[in-house]
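What follows is a single structure, written as structure tokens, with notes after it.
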Amino acid sequence: MTSYYDHAQVQEFWQYVWDREDAYVLPEAAEDPTYVLGMFPYTSGTLHMGHVRNYAITDAYARYRRMCGDDVLHPMGWDAFGLPAENAAFERNTDPESWTRACIKRMREELQDMGFGYDWSREITTCDPSYYRWNQWLFTRLYEEGLVEYKSATVNWCPDCETVLADAQVEDGSDGPVCWRCESPVERRELDQWFFTITDYAEELYDGLEDLAGWPDGVREIQRNWIGRKEGARVTFTLPDHGEVGVFTTRPDTVYGATYLALSPGHELVDELVAGDDDLTAGIEAVRELRPGEAGFAGVDTGVRARHPLTDGELPVYVAPYVLEDVGTGAVMGVPAHNERDHAFAGEHDLPIRSVIEPQENTSPLPEAPYTGEGVLVDSGEYDGVGSTVARERLLEELEAIEPETTYRLRDWLISRQRYWGTPIPMVHCGECGHVPVPEEDLPVELPEFVHTTGNPLEEHDSFTETTCPECGGPARRETDTMDTFVDSSWYFLRYLSPDLAEAPFDADAAREWLPVDVYVGGDEHATLHLLYVRFFTKALADLGLLEVREPVERLVSQGTVLYDGTKMSTSDGNVVSPQEYGAETTRLFVLSAAHPEQDFEWTANDVGAAYDLQQTLYGMATEFVQSLSVRAKRRDHDAYVDREIDRTIVTAGEEYERFRFHRAFSEIQRLLGVLRRYREYDTPHEGVYRRGLRTLSALLAPMAPHLGEELWNKVGDDGLVVEADWPDPLEAVDDPRVERRLVETTREDVRDIVDVVDIDDPERIELVVAEEWKYRVYDLLKTSEPDADVVSMALEDDAVDADEEAVADFTAGLLDRREGLDPVVDADRELETLERARWLLEDEFGAAVTVSRRPTGDDLTGKARPGKPAIHIS
RNA sequence: GCGAGGGUAGCCAAGCGGCCAACGGCGGCGGACUCAAGAUCCGCUCGUGUAGACGUUCGUGGGUUCGACUCCCUCCCCUCGCACCA
């Protein structure tokens with residue numbers, strides 16, 4: 001047997017044991033388990049460092065909670081649909097399903113190699129018909145509820161992926177919008193598409209963010225930006241012969257300054273306004289061709305005149321590309337005097353500029369630049385002289401043509417994809433009945449066999465596309481688009497509750513009891529996609545009566561990036577350190593010890609070494625302990641110190657786990673390990689104390705390094721498995737472990753300092769004298785009394801302060817300045833005891849005799865001692 | 001431009017009104033062990049100092065406070081989100 005810890009050798013054994021014991025399977029009887037979830041991986045083929053970090057975090061927390069006595073639901077599954085599988089199938093001359101199944105097999109093995117403790121009995125795979133049938137079922141329910149629309153829209157089209165993209169899947173490239181996956185420039189296409197009307201929930205999605213206290217501020221802010229709530233007003237202008245046009249504005253107080261209207265080229269009225277005029281139509285077409293960024297302040301006067309609702313004046317109506325179709329109502333009232341863009345547009349087209357807000361401070365007019373601040377209304381009819389803020393409210397209240405309106409940037413969620421590897425949208429297009437949902441009993445609509453083709457493989461199968469209408473029985477055509485894969489991931493956390501349920505997507509009783517997810521961990525690149533969609537689904541399902549919760553996740557942890565040479569570790573950059581390169585368990589221990597979960601950190605071989613060394617040292621000590629170390633049975637003074645330090649570490653490490661600060665928990669473990677090591681070298685260790693130390697370390701480390709934890713537990717622990725062990729209890733209560741440590745540490749530092757500064761070569765005797773008890777009482781009075789209390793008198797009158805009046809007065813007065821700022825200290829007896837127990841550390845370090853005592857008032861040293869600061873004499 | 005989060009000793013990074021010259025890790029220095037190297041252990045790592053002290057520090061400049069790395073304001077820089085957004 002070797003004292004070298006070879007993780008590769010032991011992992012198989014413990015994994016076998018865990019498996020045999022069903023260690024991670026949620027017990028049947030669990031009532032309200034702690035639901036710990038990591039974002040399930042896309043089945044790309046191999047696990048990368050980001051996954052390892054993500055799952056190391058959830059695993060450590062899940063294990064910690066389990067040791068605390070919770071039932072823990074910690075499942076894993078596969079986000080298995082998606083375009084990359086099709087691309088891979090083309091490249092390798094196979095099909096998406098085979099490819100995906102192979103990826104899953106490999107990744108599952110990798111996860112198991114890492115030793116993550118999942119309840120594999122709940123594994124789900126989104127490309128299984130037994131899973132995606134519920135996508136279809138939910139789609140149908142949402143359709144019935146009016147949350148699905150089929151509409152023609154100008155959509156983002158990626159020519160390379162040959163599919164449309166949701167707004168959230170389009171990113172800003174250097175040269176315009178690009179596809180989030182392949183970075184090809186995105187085109188615009190006019191297509192009939194399926195949408196989830198997530199905008200119906202815009203308000204709740206926005207307002208709900210406020211209450212998501214367990215979510216990082218950053219993620220909430222990103223969602224706020226994305227939803228883009230804006231409060232303002234809708235002003236209605238009449239177009240004689242053409243009805244009305246509503247414009248959205250946040251500044252209705254400038255309404256009297258409107259000198260024109262501008263419609264976006266895509267506005268629904270444009271075609272009607274210019275109908276019959278070929279020149280105008282051509283002009284509009286030319287304007288439509290322009291990319292928004294290039295159009296500047298071009299515009300076409302339609303010749304139509306709108307009626308101003310307040311002044312009754314006539315305003316020209318322009319079509320201008322600077323007005324964006326999907327912002328507000330796609331139309332603006334042009335107020336050149338008080339809006340930058342309107343000002344520029346008016347300059348370009350010789351439109352009048354009419355100033356209606358005057359700055360309050362100086363009334364100098366503003367000829368060149370628009371004034372966009374607040375002020376007083378002028379030239380505004382009955383509102384002259386009214387402040388702009390007040391005017392806004394009054395206009396909204398008093399005028400019919402101006403109504404309050406809130407707009408959102410959020411668009412409906414385009415879920416159609418012209419791809420094969422996804423959930424078929426369960427709809428049928430019938431010439432007679434329009435589009436008709438596939439009846440529930442005919443679900444799932446299964447994917448037909450894959451064929452290699454440049455287009456959508458679904459369209460290649462006549463047997464798939466040709467069907468009959470569920471309503472009239474006539475010939476009909478099956479929808480060939482599939483769903484965006486974000487649909488799959490929008491409710492997968494529910495499927496884990498009852499993965500095999502055949503009658504419903506999830507068990508409603510379990511959902512009621514187990515949700516929301518207690519902790520959800522993943523990368524924050526999903527802030528606007530996945531994390532918004534799961535919130536939407538949860539609310540929609542609640543409104544369908546399927547769920548009671550309206551928010552899916554209680555506490556969200558968005559984990560930071562692992563960097564290598566300053567850049568994100570990613571396969572495409574080729575700077576990947578494989579999780580197994582340093583040993584699976586060293587890797588997980590390192591990623592947890594390196595930084596707080598939310599922080600980015602740099603992968604360095606040196607730092608990895610620290611995690612590796614800790615494993616080796618601990619293993620070596622445990623091996624030595626059971627094999628060869630001589631121990632004693634009779635207790636000595638310094639054993640109590642180690643006992644106490646073990647207790648302190650149990651308390652502090654538990655706090656750190658609780659707060660997700662695994663790196664601090666790791667430090668605590670390192671610290672206790674150091675103490676034990678020193679203890680063993682100082683003297684023959686006491687069997688029980690040393691054993692408890694090692695046993696505690698194995699328990700505290702087990703959530704981060706479970707194989708080593710098991711191995712150590714097996715050597716020095718109780719019977720059974722550490723995964724099923726209880727979180728250790730301290731022998732005695734520890735109120736403030738840090739104050740006790742501080743006392744010992746500062747005292748040791750002080751001794752070193754003195755020895756060094758005074759240049760004492762070989763100290764023979766070190767005396768530590770703690771302060772008189774009454775001083776602790778004075779401390780207490782100083783810290784707890786009112787700021788203006790006469791503490792000197794209080795101290796003199798206090799029964800517990802039994803010393804010479806002058807000494808008491810001097811001591812108290814000398815500390816008055818500091819008051820509640822005084823260092824926290826333990827009480828007199830605890831201080832004496834703590835130092836007494838720590839004596840051996842000084843004896844060990846200086847080779848001197850050390851005494852710790854409390855002496856009566858009057859002693860020279862006692863006089864110098866303060867609570868938390870014993871007097872020191874070295875000779 | 002708007003919004004959010006940051007800037008701490010050689011590096012990474014904790015702290016977020018008095019426990020702070022500032023946890024921890026890495027690197028560096030000195031020492032122990034050793035034939036030697038590695039590993040491991042101990043100490044030091046802003047400056048000065050013959051008794052635990054003092055001085056100067058936490059992006060910049062101000063302010064609040066008996067007291068600020070910690071709270072408020074200005075500015076500079078970094079990261080991220082939104083943006084011809086009405």
Side-chain angles (χ1 to χ4, degrees), chain A residues 172 216-228 230 232-233 235 247-251 254 262 264 292-297 320-324 326-335 338-342 344-345 407-409 524-525 527-528 563 593-596 598-602 604-611 613 616-617 620 661 663-664 666-668 670-671 674 677-678 681 736 738-739 741-743 745-760 783 787 816-825 844-845 864 868-875:
Chain A
D172 285 332
D217 290 341
V219 172
R220 292 196 281 173
E221 194 58 30
I222 288 169
Q223 292 211 351
R224 272 190 205 104
N225 282 336
W226 185 259
I227 297 168
K230 199 158 284 177
V235 185
V247 303
F248 178 75
T249 178
T250 52
R251 291 296 302 270
T254 65
S264 72
E294 298 164 345
F297 291 96
Y322 88 89
V323 182
L324 304 178
D326 54 3
V327 175
T329 60
V332 301
M333 60 175 192
V335 185
H338 305 296
N339 178 284
E340 310 257 351
R341 282 172 305 272
D342 295 349
F345 187 82
T407 65
Y408 296 90
R409 204 192 78 98
D524 66 359
E525 66 271 22
T528 50
L563 305 169
S593 70
H596 180 98
E598 306 212 335
Q599 211 131 38
D600 294 351
F601 71 86
E602 179 77 17
T604 70
N606 277 333
D607 292 334
V608 179
D613 292 344
Q616 296 304 336
T617 309
R661 303 186 354 156
H663 61 307
R664 311 291 297 175
F666 181 85
S667 300
E668 288 295 332
Q670 266 184 315
R671 179 198 176 88
R677 215 151 37 187
R678 184 165 198 150
E681 274 160 34
D736 201 338
R738 290 180 179 85
V739 178
R741 285 174 175 173
R742 189 85 210 156
L743 170 67
E745 264 151 38
T746 52
T747 306
R748 291 174 68 195
E749 277 163 20
D750 286 346
V751 172
R752 272 177 218 133
D753 220 12
I754 294 166
V755 168
D756 189 47
V757 172
V758 185
D759 210 12
I760 303 172
K783 289 170 110 174
L816 272 178
D817 280 359
R818 311 262 333 260
R819 288 280 178 134
E820 69 270 28
L822 291 169
D823 303 351
V825 291
D844 188 33
E845 182 171 346
K864 283 162 65 181
K869 195 88 175 164
I872 299 169
H873 185 77
I874 303 170
S875 48

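Letters A, B, ... are given to chains in the order of the sequence lines, protein chains preceding strands, and every chain is numbered from 1.
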Problem set entry | Short side-chain N/O contact from R741(A) to OP1 or OP2 of C23(B), under 4.0 Å | no
Exercise. Phosphate oxygens OP1/OP2 of A86(B): is one of them under 4.0 Å from a side-chain N or O of K230(A)?
Worked result: yes
Problem set entry | base_contact_polar (C23(B) base, R664(A) side chain, donor-acceptor, <3.5 Å) | yes
Exercise. Under 4.0 Å between a side-chain N or O of R752(A) and OP1 or OP2 of C42(B)?
Worked result: no
Exercise. Tell me: CG of D217(A) to C1' of G5(B), nearest whole Å?
Worked result: 9 Å
For this session: For the residue pair F345(A) and Y322(A), categorise the inter-ring angle as parallel (less than 30°), tilted (30 to 60°) or perpendicular (more than 60°).
Result: tilted
For this session: Tell me whether the OP1 or OP2 atom of C41(B) has a side-chain N or O from R677(A) closer than 4.0 Å.
Result: yes
Problem set entry | Bracket string, RNA chain B, 5' to 3' - pairs by Watson-Crick or G-U geometry under 3.5 Å, | interstrand | ((((((((.[[[..)..(.....]]]((((((.......))))))(((....)))...[.[[[..)....]]].])))))))....
For this session: Identify whether the distance between the nearest side-chain nitrogen and carboxylate oxygen of E221(A) and R224(A) falls below 4.0 Å.
Result: yes
Exercise. Do D753(A) and G52(B) share a donor-acceptor pair, side chain to base, under 3.5 Å?
Worked result: no
Exercise. According to a strict under-4.0 Å criterion, is R661(A) in side-chain N/O contact with OP1 or OP2 of G15(B)?
Worked result: yes
Exercise. When we call it a touch if two heavy atoms are under 4.0 Å apart, what does F666(A) touch: a base, just sugar-phosphate, or nothing?
Worked result: nothing
